[in-house]
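Below is one structure, written out as C-alpha cells; the observations come after it.
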Amino acid sequence: MSKFWKPGTERPRSSLIDDEEGGVLFVSASASSSGFGYSTLERQRQRLPVFKYRTAILYLVENHATTIIVGETGSGKTTQIPQFLKEAGWAEGGRIIACTQPRRLAVQSVSARVAEEMGVKLGEEVGYTIRFEDVTNPGVTMIKFLTDGVLLREMMDDPLLTKYSVIMVDEAHERSISTDILLGLLKKIQRRRPELRLIISSATIEARSMSNFFHDRKRNQGDAANDSAPNTVPAILSVEGKGFTVEIYYLEEPCSSYLQAAVDTVLSIHDKEPVGDILVFLTGQDDIDAAVQLINENAQDHRSHSSGLLVLPLYSGLSRSDQDLIFAPTPKGKRKVVISTNIAETSLTLDGVVYVVDSGFSKQRFYNPITDIENLVVAPISKASARQRAGRAGRVRPGKCFRLYTEEYFMKEMSAEAIPEMQRSNLVGSVIQLKSLGIDNILGFDWPASPPPESMVRALEVLYSLGVLDEDAKLTSPTGFQVAEIPLDPMISKMILSANTYECTEEIIIIAAVLSMQSIWVSARGVQKEFDEAKLRFAAAEGDHVTYLNVYKGFIQSGKSSQWCYKNYINYHAMKKVVDIREQLSKLLKRFGMSLKSCERDTQKLRKAIVAGFFANSCHLEAYSQNGMYKTIRHSQEVFIHPSSVLFRVNPKWVIYHSLVSTDKHYMRNVMAIDPDWLIEAAPHFYQHKRPNLSAPF
DNA sequence: GAGCACTGC
C-alpha cells in the first residue's frame with residue numbers, strides 16, 4: 001500500500017476558527033463537567049476562555065448575541081441546545097423553541113432522541129411536524145422539530161413566526177434552497193423582532209461566512225451608542241467533534257480511472273488492513289453496479305485474498321428491502337463493503353465503517369437559465385464534502401480514509417465549499433414562495449448566496465406566462481395566491497387550478513401527485529421484457545399522464561396491495577405517497593371552494609388542463625425526421641421522447657412533456673400528445689409574442 | 001431502445 005499511498009497532512013476535523021474581532025467562545029468536548037472549563041492549548045492560542053458547552057450557550061443567549069453560529073463537525077451536540085434553552089425558560093409563557101432540519105428522517109430521529117433524554121413522551125413537551133405528520137400538542141409542546149420547508153410554509157400564515165422565541169437551524173452548511181431562503185427571511189425577521197434568538201448550526205468550515213451574512217453592519221453602527229441593544233455581531237461557538245481520528249491517505253500520482261482505483265483500493269484494504277467495514281463513494285448507479293461486479297469477479301479469481309467480502313450497492317433507486325441489506329449485521333468472518341452514492345454522505349449513516357474510499361466526485365445538478373435546462377453531471381466535490389466523507393470512517397473507532405486523488409489536488413484545486421443549490425437550480429418555486437411572503441423586490445433579496453440574475457429573470461418570466469404574476473410582478477388573485485399555496489411545482493399547481501375550469505379535478509390531482517414523484521416504476525434491470533409488458537397493460541394512447549391514471553385505478557382496485565405493485569413492477573412506497581399527496585390536494589381544493597369533479601372518459605378535458613400548466617414545454621416532430629427528433633417551440637432545442645415513455649416510437653406530431661433528462665441527448669420524460677390549437681387556447685400571450693418587456697418592473 | 005446525485009412542501 002505504501003507504494004501508492006501517501007499519508008495526508010490535513011486533519012479531517014478542523015478545530016478552531018481564527019477571529020480577530022473578538023467575542024468568540026470556544027467549547028472543548030473535553031471541558032470539565034461543571035462550571036467554566038478551560039483548555040490550555042486553545043487558551044494559549046486564542047487567549048480566550050473555554051466555557052462549558054451549556055454555560056456558553058446560555059451566556060450568549062441571555063446576555064450577548066441575537067445570533068449564535070455553532071460551528072461543529074458531526075459532534076451530535078446540537079440535540080442538547082434546545083434542552084438548555086428550555087431549562088433557562090425560553091419556552092415559557094406559551095413560547096416555543098423551533099429546531100429545523102433539512103430532512104424528514106432527521107426531524108423524526110432527533111426529536112425522538114431529545115424526548116428520550118428529557119424523559120417525556122414524543123408529541124407532548126417535545127414534538128415534531130413534517131409533511132403529512134403533525135406530532136405536536138398545541139399549548140403543551142415547548143420544543144418543536146420541523147423541516148425547514150415546513151417552517152417556510154408556516155410563514156405564509158405567520159410571517160414573523162411570532163409563536164417562536166428561539167429558532168435553531170441545523171445543518172445550515174448544506175445550503176439547500178429552503179435553508180438559504182429561511183436564513184434570508186430570518187435575517188429580515190430579526191430586524192422586526194429584536195428579541196428573537198437565532199442559533200445557526202453549521203460545519204466549522206462554513207461558520208465564518210454564516211457569521212458574515214448575519215453581521216448586519218449598518219444596523220450595528222446605528223446601535224453602537226445604545227448599550228442595552230442586543231449585540232448584532234454573531235457569536236461563533238466552535239464545538240469539537242466527538243468522532244475518532246481519521247488518518248487521510250492520498251494517491252501519490254493522479255489515477256486515470258477512479259472506478260478501477262476504487263476497486264483496487266478495496267481489495268488492498270481487505271488484504272492488508274485489520275477488520276472493519278469499507279464505505280466507497282462513487283457517483284451513480286452505473287459506476288456502482290460496475291464496481292460491485294468487478295470486486296466480486298476479483299474475489300472469485302483470487303479466493304485467498306478477496307473471499308470474505310460482502311459487497312453491497314447503495315443508491316436511492318434501490319427498493320427499500322435492498323437498501324435494508326446495508327444495515328444487516330455483517331456475518332462472522334465477513335467484511336462488508338458498501339458502494340454508495342452521496343446518499344451515505346448525509347442521508348444514511350452506516351455503523352461499523354472504519355475505511356472510507358473517496359473518489360472525489362459526485363453527480364451534481366447544474367441549471368442553464370438561458371436554455372432552461374437542468375443537467376446532471378459528474379463533478380469534483382468540495383473540501384467540505386471530502387471532510388464529511390472522511391468523517392464517516394471515524395464513528396466507531398479511529399479509521400482511515402483513502403482519497404483517490406493527490407494531496408496537491410486537494411489543497412490547490414478543490415473548492416472549499418460546494419456551490420449552493422440556489423445557484424444551480426431552476427428558481428420558479430423559490431420566487432413564488434418569496435412573492436407569497438410579500439417580498440416584492442426579489443432581485444434585491446438578501447440571500448446567503450445570491451442566485452444568478454438570469455435564473456431570477458427566467459423564473460419571473462415563467463411565472464408571468466402562467467398568469468401567476470401580473471405585469472408589475474405581483475401575485476395575481478386568486479390564481480397566484482392559490483398556486484403559491486399548493487406545495488408542488490408551479491406548473492403542476494397551475495394545471496390543477498385549470499382542471500377546475502375543465503371539470504376534471506378528480507383526475508388531475510392524481511396526475512399531479514404522480515408527476516411529483518421521481519418515478520412510480522421500480523428499477524428493473526435484467527427483467528426488461530417483463531417490465532415492458534407490465535407497463536403495456538396500463539398504456540394509454542394519449543401518453544404517460546393518462547397511463548398513470550390507469551396505474552392509480554389499478555392500485556386502488558387492488559386494495560392498495562403491495563403484492564399487486566410487486567407483480568406490476570410498481571414502486572409500492574411511491575404509490576402510498578401518491579395517495580397521501582392526492583389527499584392533501586383534495587383538502588386544499590376544498591379550501592379554495594372547488595369541488596372534485598370527474599371528466600369520466602372525456603380525456604380531452606384533462607389534456608387541456610395539463611396543457612394549461614405545461615404549454616411552455618411543447619414540441620413539434622421534425623418533418624422527415626427518421627429518428628424521432630422533436631424541436632421545442634420555445635427555443636428550437638432538439639429533443640427526443642425517452643424510451644421509457646409509452647409514446648416512444650409512436651411519435652405523435654405535437655407533444656408536451658413534464659421534464660427533460662439530459663445525457664447525450666435531451667430526453668423528454670412524461671410525454672402527452674396534444675392538439676396544437678390547445679396551446680393558443682391555453683396561452684395566447686405566450687404563443688403570439690405579445691409579451692411585455694419582462695425585465696422592466698424588476 | 002436508454003437511464004435517473006439527493007432532499008423537501
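In what follows, every heavy atom counts, from backbone to side chain, and hydrogens, waters and symmetry copies are set aside. Quantities reported herein were computed from a predicted structural model and do not represent experimental measurements. Numbers restart at 1 for each chain; the letters A, B, ... are given by sequence-line order, proteins then strands.
Here A/Leu376 lies in heavy-atom contact (under 4.0 Å) with a base. Residue A/Ser176 is classed as having no contact, given no heavy-atom separation below 4.0 Å to the nucleic acid. When heavy atoms are screened at a 4.0 angstrom cut-off, A/Arg103 is found touching the sugar-phosphate backbone but no base atom. Residue contacts shown for A/Asp489 are absent, as no nucleic acid heavy atom lies under 4.0 Å away. Within the 4.0 angstrom heavy-atom criterion, only backbone atoms of the sugar-phosphate kind lie near A/Thr147; the bases stay farther away.
Between A/Gly284 and A/Val150, the residue whose closest nucleotide on DNA chain B is further toward the 5' end is A/Gly284.
When each of B/dC6, B/dC4, B/dG1 is scored by its nearest atom to the side-chain atoms of A/Ile343, the top-ranked nucleotide is B/dC6.
For A/Arg403 and A/Phe410, the positive end sits near the middle of the six-membered ring, less than 6.0 Å away and at most 45° from its axis.
Heavy atoms from other residues, nucleotides or ligands lying under 6.0 Å from CD of A/Gln293 number 12 at most.
The stretch residues 359-368 of chain A touches DNA chain B through A/Lys363, A/Arg365, each having a heavy atom within less than 4.0 Å of the strand.
Exactly one of A/Ser362, A/Ser385, A/Ser340 qualifies for a side-chain hydrogen bond (donor to acceptor under 3.5 Å, both in side chains) with A/Glu345. That residue is A/Ser385.
If you look at A/Phe640 and A/His666, their ring centroids are not closer than 6.0 Å.
With hydrogens and angles left out, the side chain of A/Asn627 and the base of B/dG1 share no donor-acceptor pair within 3.5 Å.
Between A/Asn375 and A/Tyr367, the side chains place no donor N or O within less than 3.5 Å of an acceptor N or O (distance only, hydrogens not considered).
With salt bridges taken as basic N to acidic carboxylate O contacts below 4.0 Å, none links A/Lys383 and A/Glu413.
For the pair A/Arg153 and B/dG8, the criterion of a side-chain N or O lying under 4.0 Å from OP1 or OP2 is not met.
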